[in-house]
Amino acid sequence: MELLSGAEMVIRALRDEGVQHIYGYPGGALLHVYDAIFQQDEVQHVLVRHEQAATHMADAYARATGKAGVALVTSGPGATNAVTGIATAYMDSIPMVVITGQVMSFLIGEDAFQETDMIGISRPVVKHSFSVQRPEDIPSIIKKAFHIAQTGRPGPVVVDIPKDMTTPTERYEYEYPKSVKMRSYNPVSRGHSGQIKKAVDLLLGAKRPVIYSGGGIIMGDAHVELAELARSLNVPVTNTLMGLGGFPGTDRQFVGMLGMHGSYEANMVMHHADVVLAIGARFDDRVTNGVDKFCPTAKIIHVDIDPASISKTITADIPIVGPARDIIKEMIQLVKGAKTGPDAEAAKQWWQQIDEWRARHGGRFDINDEGLMKPQQVIEMLSKVTNGDAYVCSDVGQHQMFAAQYYKFNQPKRWINSGGLGTMGFGLPAAMGVKMNFPDAHVACVTGEGSIQMNIQELSTCQQYDIPVKIICLNNQSLGMVRQWQDMNYESRHSQSYMKSLPDFVKLAESYGHVGMKVDKYADLEGAMTEAFAMTDRLVFMDIAVDPFEHVYPMQVPRGAMRDMWLSKTERT
Amino acid sequence: MRHILSVLLENEPGALSRVVGLFSQRNFNIETLTVAATDDGTLSRMTVTTLGSDKVVEQITKQLNKLIDVIKVVDLTEGEHIERELMLIKLKANSSAARDEIKRTADIFRGQVIDATPNTFTVQLAGSSDKLDAFINALSGASLLEVVRSGVSGIARGEKVLSL
Ligand SMILES: Cc1ncc(C[n+]2csc(CCOP(=O)(O)OP(=O)(O)O)c2C)c(N)n1
Ligand SMILES: [Mg+2]
């Protein structure tokens with residue numbers, strides 16, 4: 001058997017796991033590992049400019065491929081800089097392995113230089129973590145880390161490695177384990193057939209059913225099955241922010257996103273439904289609004305891989321624990337085999353009602369009289385120019401909601417955003433992580449002038465590695481989402497939500513060797529955007545001036561029912 | 001309602017802090033917590049008593065089960081069970097009246113005086129938490145110097161066994 005040092009084993013194990021890119025930043029505790037990286041060329045290391053970006057790149061890779069991304073950061077400040085990215089992945093159940101350097105094991109606990117208790121700091125935001133105690137455990141720990149990150153409800157795993165576990169002169173027999181067995185970790189592998197049968201009976205008897213699906217469809221690769229089930233039952237489908245693309249955005253049965261900024265029709269459908277089939281979604285507070293008023297007439301079927309998600313906030317009438325795809329397949333079989341299909345007359349009436357709701361609102365917005373561009377127009381243009389086929393990596397704010405509402409995602413894993421944690425600064429590194437792995441695809445970073453500045457330094461990484469993403473910056477010269485809340489709840493006292501000293505983004509992009517474009521008229525938008533996407537080998541920063549006073553609507557009235565919404569600045573349901 | 005959860009978990013560094021962290025992170029209440037290795041040195045057995053509605057306790061159980069180190073979780077209060085807590089209690093015993101009173105009360109509760117000085121008695125008492133409370137109440141006349149309670153350990157009655 002081959003003898004390898006701990007440092008070499010780290011890199012070799014990653015290679016044997018099939019990892020092509022690791023995103024990271026070196027430092028004292030990782031010097032042995034970085035030397036091992038230097039001496040091989042199978043695993044490519046991508047040097048970011050801030051560790052947070054490394055974690056978001058790894059995270060976005062995972063969101064786009066379903067496989068765990070890998071970040072490598074040094075002890076102390078390197079590790080703490082990674083925490084936001086780990087928490088971001090944790091909240092959205094994204095598989096990721098984060099390897100952190102640590103001070104020598106005999107120094108741990110002595111407040112050594114660049115020592116932080118990373119296992120402790122990251123504990124509430126990881127699926128699991130390992131601290132390497134013996135170098136020979138490295139291969140099995142890395143194997144377990146990937147296994148845990150990628151199975152069951154996915155999530156980030158931290159592997160903390162003290163520097164003396166990687167000493168180059170100490171060598172050990174290396175063998176990468178083929179499989180993992182852990183007596184304490186056995187995720188549920190199939191749903192309960194009796195429960196599935198009950199659920200299908202309930203659905204077949206429903207008069208106003210709806211499917212509400214989330215990120216579990218995307219991560220669980222269940223979009224094909226979901227579409228088939230939805231067709232066979234002829235039910236409307238709504239997606240959560242994390243679930244967009246899990247059902248085709250242009251499909252007649254799609255009623256849009258639900259929740260706080262969900263579509264009028266999606267929230268009305270939910271409120272009036274008699275049976276809600278929730279799959280791979282977790283009844284998050286941004287979805288349910290006031291829990292006591294949530295779906296007053298509905299029986300709830302909840303399918304999720306994580307038993308703890310079920311009946312956490314909303315009590316399920318029929319809980320089903322297991323992987324979405326297999327459970328939906330079983331449902332499809334039962335629907336096909338059923339003696340009587342769904343009630344056609346009820347379906348007709350339900351769809352008539354839904355079409356009325358659609359006609360009432362249907363995602364309209366007002367065009368500005370003074371010719372200021374509306375952010376919604378920019379997203380619609382993006383959808384048009386990229387044929388609805390781009391990877392859209394979003395930052396956090398109004399622009400994120402507009403992207404979610406107006407880009408029509410017809411495929412899963414194309415909408416990449418920080419839904420649970422809402423991390424400003426996610427967008428650019430996320431777009432980079434996707435573009436590096438899908439070099440031929442259109443990859444857009446939809447951002448705001450606030451968010452982009454939270455990881456703007458990565459323009460430098462893009463220069464080094466030629467990562468030609470398109471930055472679509474909806475520049476409203478303000479922290480728009482904050483300002484919207486201030487307009488609505490604080491009599492427009494715009495406390496600290498105005499960006500007084502914006503850089504010239506065009507020059508900034510150019511200073512990193514990229515292309516900058518400024519667009520302030522709608523008439524120029526299509527031409528400019530088409531040109532930007534035609535420059536396939538250049539990063540283009542589009543600084544697009546949009547109406548600074550626009551609000552995101554619909555918006556649910558806090559603690560109300562699903563149907564309680566503001567539809568515009570003056571109109572309420 | 002009060003629940004007693006028995007948890008079987010890997011005897012590994014960090015496992016305990018994950019359990020304790022979970023309770024504080026999710027705003028769950030811990031009344032008592034005891035933990036030690038079992039006859040199998042790779043396993044720890046933990047008993048947690050907690051107060052909460054059935055819904056909350058169901059969520060606690062599920063979240064505990066989600067921890068990778070946790071192998072099994074059982075709510076002992078769902079069935080017949082035995083719970084015991086150990087108490088060491090130091091009392092002022094500087095008069096013969098006080099000493100007699102403490103000894104008498106300890107006898108009634110089947111406690112034992114396990115240490116004595118001219119001025120103090122230390123009594124050891126095992127039993128349900130209620131019994132320990134009752135003992136402290138019964139001694140309300142004596143002056144307590146120190147009370148050390150182990151927290152609850154629990155086990156199911158009969159043939160039910162919590163093991164791998
Ligand atoms: C790291 C971080 N800090 C603060 C917030 C709170 N926050 C949410 S949206 C927002 C404003 C975002 O501004 P911008 O990126 O310009 O987007 P806009 O809403 O204007 O489209 C802020 C400050 C956050 N989500 N993330
Ligand atoms: Mg802005």
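Around the CG atom of A/D292, the shell of radius 6.0 Å holds more than 12 heavy atoms that belong to other residues, nucleotides or ligands. No more than 12 heavy-atom neighbours from other residues, nucleotides or ligands sit within 6.0 angstrom of NZ on A/K299. Within 6.0 Å of CD1 on B/I155 lie no more than 12 heavy atoms contributed by other residues, nucleotides or ligands. Heavy atoms from other residues, nucleotides or ligands lying under 6.0 Å from NZ of A/K143 number more than 12. Counting heavy atoms of neighbouring residues, nucleotides and ligands inside a 6.0 Å radius, atom CG of B/N27 does not exceed 12 of them. Within a 6.0 Å sphere centred on NZ of B/K92, heavy atoms belonging to other residues, nucleotides or ligands number 12 at most.
Highest contact tally toward chain A, considering only B/L22, B/L9, B/I68, is held by B/I68 [criterion: heavy-atom pairs under 4.5 Å]. Counting heavy-atom pairs under 4.5 Å between each of A/D306, A/N186, A/I119, A/I148 and chain B puts A/D306 at the top.
Nearest heavy-atom pair, A/S129 versus B/R18, reported as atom, atom and distance to 0.1 Å: OG-NH1, 2.8 Å. Pairing each heavy atom of B/K62 with each of A/I310, the nearest pair is NZ-O, 2.8 Å. Pairing each heavy atom of B/Q59 with each of A/A308, the nearest pair is NE2-O, 3.2 Å. Considering every non-hydrogen atom in both A/Q133 and B/P13, the closest pair reads NE2-CG, 4.2 Å.
In this structure, B/K55 contributes its side chain and A/S311 its backbone to a donor-acceptor pair below 3.5 Å.
Here the side chains of B/E10 and A/R183 are in contact, with some heavy-atom distance below 4.5 Å.
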